[in-house]
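See below for the structure under consideration.
Both counts, for ligands and for their atoms, begin at 1 and track the order of listing. Each residue takes its place number in the sequence, starting with 1.
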Amino acid sequence: MKLTGRIIIALIAGAIVGLLLNIFAPNVYNVLDPYLFTPLGRIFLNLISMLVVPIVFLSIILGAAGLGDPKKLGRIGLKTITYFLITTSIAIIIGLIVAGVVQPGEAGNFDVESAEFSAEKAPPVGETLLNIIPKNPLDAMTQGNMLQIIAFALFIGLALTALGEKTKGVLNLVEQGNDIMMYLVGVVMKFAPYGTFGLIASAIGSQGWSAIKAMGIYMICVLAALIIHGLLTYGGTILLLARKSPVWFFKNFAPAMSVAFSTSSSNATLPISMEVAQTRLNVPKSISSFVQPLGATINMDGTAIMQGVATLFIAQVYGIDLSLGELATVVLTAVLASIGTAGVPGVGLIMLAMVLSSVGLPVEGIGLILGIDRVLDMARTAVNISGDAACAVYVAETEKKKTIKAQRSGA
Ligand code: ASP
C-alpha cells in the first residue's frame, strides 16, 4: 500500500484507539501511553525535527543561489509576503464571521470564575522582527530560530550568486548536503505511519471526552472556519491564480497535512511538506525552499482562525460587545500574532493573549479553551502548512508563465 494511505489509516486508527481508551479504559491508556504511544510519537518527532535546521539552512542557500538574480528573489519575496498577509487577514475574518454567526459563547454555561491563564510567556512581535538578523548565526542554529536561519542563509545564497565560479565548490557542497537531507526525509517517512499512530492516540486519549463535549460548539466553529478557509482561499488560489485543480492539490499534499495534523508543528513538518511540494506538486526546488520555510515561520492562517473564533467566543462568554473598530484591531493584532507564532505546538494559544489584551478582553478567558486546544492545534497546523504550499504552487505557476512569456518575446 502507498505511504499516504498508510499514514491516513494510522491517523484514523490512532484517533479511534485514543478515543476508545479515553472513554472505556483510561487505566489502560495510562499504561499504554508512556510505554507505547508517547515513545512511538517521540521517535518520529525527533527524527523529523533532526532534519529541520539543516534543511532550512541548506535549501534556502540553494533557493537564493538558484534564483540567481536578486531582483527575482525580491519579486518572489514580495509576492510571497503579500500573499501571506492577505490570506491571514482573510482567515481571521472568516473566523470572526463564523463565531459571530454561530455565537459559541452563548451555547452553554462556562465557568468564568475558575478560568485561569497567565500570559507572561508571549514574546513581543516587534522584538522578533528586529531580531531577524542574527548576531550569531551558530547560536540561531542551535536555538532553532527559523527567521534568523532564513536571513543568514539568504545572505550566503546571495553571496554565492555574486561570487559565481569562484565559489562553485561550496555551492556543489551545499547541493549535495541538501540531497543527503532530502534522502533522509524519505527514509524517516517510512516510520511516519507508526509515529502518527502514537502521536494521535496519545493526544486524543489524553483529552477528556467530557471536555470535548462541553466545548463542542466552539470546536465546531474553529473546524468549520478552517475547512471554509481551506476550500475557499486555498482552493481559490489553486484554481484561479495557479490555474490548477484544487482536488489535485489536496490529494497530493495530503501526506504532509496528515503529518502536520499528528505533530501539531509546522516546523517539524517542514522537511516533509517541502519534499511533497517538490516531488508531487511540481514546485521547483528554488521556490519551495524559499516560500515554505518562510511560511512555516510567519504564515499561520489556521492559528489566525482559531484566534479570531476564540476572541469572539471569550467576548461572548464574558458578555462584552466589540465595536467594528475593535474587530479591526483584532484582525491587525492577529495578523501580527500569527507572524510571531513559532511553528511548534501550542504557541498560537500563547499569542492569543496579545490579541485579547489589544481590545481589553480578559486574558484568563484562555483558560476556558486551554483544555481542548490540543485537538484544535492539530487541525490548524494542517491548515497552516497548506497555506504555505498553496502559496508555493501559486508562485511557481506564475513564475513559470513569466519565464515562458519572456522566452517567447526574446525568441
Ligand atoms: N502548532 C501550530 C504550528 O506549528 C502553531 C499554533 O497555532 O500553536 O503551526
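- Between Tyr83 and Tyr394, the distance from one ring center to the other falls under 6.0 angstrom.
- Distance from atom 3 (C) of ligand 1 to its nearest protein heavy atom, with residue and atom name: Ser266 OG, 3.3 Å.
- Distances below 4.0 Å separate heavy atoms of Pro345 from the following atoms of ligand 1: 1 (N).
- Taking only nitrogen or oxygen atoms, main chain and side chain alike, Asn267 does not reach within less than 3.5 Å of ligand 1.
- Counting atoms of ligand 1 from 1 in the listed order, those under 4.0 Å from a heavy atom of Thr303 are 5 (C), 6 (C), 7 (O).
- The environment of Leu324 atom CG is sparse: at most 12 non-hydrogen atoms of other residues, nucleotides or ligands sit within 6.0 angstrom.
- For ligand 1, the atoms lying closer than 4.0 Å to a non-hydrogen atom of Gly348 are 6 (C), 7 (O), 8 (O).
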Notebook entry, point to check: Would Ile12 and Ile16 satisfy side-chain contact (heavy atoms from CB on, under 4.5 Å), going step by step from the backbone distance to the final call?
Noted result: CA-CA 6 Å; Ile12 297 170; Ile16 294 175; 3.8 Å; yes
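- Of all atoms in ligand 1, numbered sequentially from 1 with element shown, those under 4.0 Å from a heavy atom of Ser265 are 4 (O).
- A distance below 6.0 Å separates the ring centres of Tyr194 and Phe191.
- Counting protein heavy atoms only, atom 5 (C) of ligand 1 is closest to Val344 O, 3.6 Å.
- Here's the thing with Val347: one of its N/O atoms is less than 3.5 angstrom from an N/O atom of ligand 1.
- For ligand 1, the atoms closer than 4.0 angstrom to any heavy atom of Asp377 are 1 (N), 2 (C), 6 (C), 7 (O), 8 (O).
- The protein heavy-atom contact nearest to atom 2 (C) of ligand 1 is Thr381 OG1, 3.3 Å.
- Using a 3.5 Å distance cut-off with no hydrogens or angles, the side chains of Thr398 and Lys79 do pair a donor with an acceptor.
- Using a 4.0 Å cut-off between a side-chain N of Lys or Arg and a carboxylate O of Asp or Glu, Lys402 and Glu399 do not qualify as a salt bridge.
- For Met306, no heavy-atom contact with ligand 1 is shorter than 4.0 Å.
- Across every non-hydrogen atom of Ala396 and Val283, the tightest pair is CB-CG1, 4.1 Å.
- A side-chain contact (heavy atoms from CB on, under 4.5 Å) with Leu96 is found for exactly one of Leu312, Ile305, Val101, namely Leu312.
- Looking at Met300 next to ligand 1, no N or O pair under 3.5 Å apart turns up.
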